[in-house]
Number of protein chains: 2
Amino acid sequence: MPDIMEDADRHCAKTGARLTPLRRRVLELVAQARAPVKAYDLLSQIDRTSTSAKPPTVYRALDFLIEAGLVHRVEALNAFVACPQAGHGHAAVLYVCESCANVTEVQGSRPGQENKPAGFTVKRSVIEHYGLCADCPRP
Amino acid sequence: MPDIMEDADRHCAKTGARLTPLRRRVLELVAQARAPVKAYDLLSQIDRTSTSAKPPTVYRALDFLIEAGLVHRVEALNAFVACPQAGHGHAAVLYVCESCANVTEVQGSRPGQENKPAGFTVKRSVIEHYGLCADCPRP
DNA sequence: GAGCAGATGTAATAACGTAACATTTTATCG
DNA sequence: CGATAAAATGTTACGTTATTACATCTGCTC
Ligand SMILES: [Zn+2]
Ligand SMILES: [Zn+2]
Ligand SMILES: [Zn+2]
Ligand SMILES: [Zn+2]
């Protein structure tokens with residue numbers, strides 16, 4: 001995941017966000033995982049090195065990373081994935097394989113806004129598709 | 001919410017699903033609410049009458065209602081809303097107002113599947129838009 | 001080096017959800 | 001009808017996820 005970390009450094013340098021060592025470490029852990037990561041799994045991985053990590057440590061780092069556009073929360077899994085395209089402007093669309101747990105992110109303009117009610121202003125969208133990826137055998 | 005309860009009765013009669021008194025009571029509570037309802041709020045409302053409700057009581061009822069297509073889970077809120085169109089075949093698209101908590105459900109065919117990866121088979125979609133409804137003042 | 005803001009440490013607890021097993025209710029069938 | 005099987009509910013206990021509140025530290029400005 002060197003791309004992701006380099007992009008993150010560049011993106012934070014450009015926006016003024018402070019990618020501290022702790023936040024950077026959490027992003028590395030999320031980016032290295034080949035599947036969505038749970039907050040408490042991050043916690044135990046950090047624990048092994050620093051011994052002082054508690055829940056707020058990881059949740060605060062994740063809040064920062066999400067705010068910075070470096071990580072997305074997978075709402076239906078209570079888990080987190082690294083964004084492959086730091087700070088993209090549009091909403092993320094996630095395709096999550098329920099067999100191998102791989103997540104593919106695509107982006108689009110106003111995705112999923114079918115039949116939007118008149119006068120509704122969308123601030124944030126959660127779009128997650130669950131199913132089987134091309135590499136997993138059909139039942 | 002007489003419509004919702006009557007539709008639910010009809011829908012369950014047609015499909016053979018058993019809308020028992022407990023499940024019916026939970027559906028009534030969800031349908032009466034003017035906002036997404038939390039599982040533990042349902043629990044305390046049931047408690048007031050029956051005194052024997054525990055977490056599995058309400059979670060099992062909710063599982064049934066979701067399976068039957070009578071209730072949707074709002075993933076990003078850990079909460080539940082009654083479906084205004086019992087057992088509709090397509091994925092639900094929810095517009096959630098962050099000011100007044102009102103939820104508007106619309107339905108569509110294959111909503112939100114922008115740039116679907118080749119070979120991916122979607123089994124279930126989570127599509128939730130958060131923002132401001134037409135009736136709420138802009139900041 | 002005093003003061004401030006942002007970041008992190010720490011303890012405690014709230015909020016959300018499930019596993020496992022006992023009991024009761026309902027449907028089915030000889 | 002009464003045995004029996006299946007479905008639903010009761011109950012205990014616990015696991016997981018997330019936040020609040022307050023203390024301390026770190027880097028910066030004046
Ligand atoms: Zn992204
Ligand atoms: Zn797969
Ligand atoms: Zn619906
Ligand atoms: Zn509103």
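So that the names make sense, note that chain A is the first sequence line, chain B the second, and so on, each numbered from 1.
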Original post:
Roughly how far, to the nearest 0.5 Å, is the CG atom of B:N115 from the CD atom of A:E105?
Top reply: 11.5 Å

Original post:
Do side-chain atoms of A:R34 reach the backbone of A:C100 as a donor and acceptor pair under 3.5 angstrom?
Top reply: yes

**OP:** Would you sort out whether B:H129 and A:S125 count as a side-chain hydrogen bond (donor to acceptor under 3.5 Å, both in side chains), showing the intermediate values?
**Re:** CA-CA 4 Å; B:H129 299 290; A:S125 295; 2.7 Å; yes

Original post:
Can you check whether A:H72 and A:H88 have ring centres sitting under 6.0 Å from each other?
Top reply: yes

Below 3.5 Å is the cut-off: list the nitrogen or oxygen pairs between protein and nucleotides 18-22 of chain C, distance only.
none

Review item, nucleotides 25-28 of chain C N/O atoms under 3.5 Å of protein N/O:
none

**OP:** Apply side-chain contact (heavy atoms from CB on, under 4.5 Å) to the pair B:R23 and B:R18, showing each step before the final yes or no.
**Re:** CA-CA 9 Å; B:R23 290 162 174 176; B:R18 294 179 53 193; 4.0 Å; yes

Original post:
Below 4.0 angstrom from OP1 or OP2 of D:dT9, is there any side-chain N or O of B:T20?
Top reply: yes

Original post:
Under 3.5 Å, side chain of B:E128 to main-chain N/O of B:Y95, donor-acceptor pair present?
Top reply: no

Original post:
Which residues, if any, of residues 70-81 of chain A bring a heavy atom under 4.0 Å of DNA chain D?
Top reply: A:R73, A:N78

Subject >> Any donor-acceptor pair under 3.5 Å from A:K116 side chain to A:F120 backbone >> reply: yes

**OP:** Let me see the working for B:R25 and B:T20 under side-chain hydrogen bond (donor to acceptor under 3.5 Å, both in side chains), right down to the final yes or no.
**Re:** CA-CA 8 Å; B:R25 171 105 176 93; B:T20 64; over 6 Å; no

Subject >> Main-chain N/O of A:V71 paired with A:R73 side-chain donor or acceptor, under 3.5 Å >> reply: no

Original post:
Hey, is the side chain of B:T57 poking within less than 4.0 Å of OP1 or OP2 on D:dT9, counting only N and O atoms?
Top reply: no

Original post:
Does B:K38 make a side-chain N or O approach to OP1 or OP2 of C:dA15 shorter than 4.0 Å?
Top reply: no

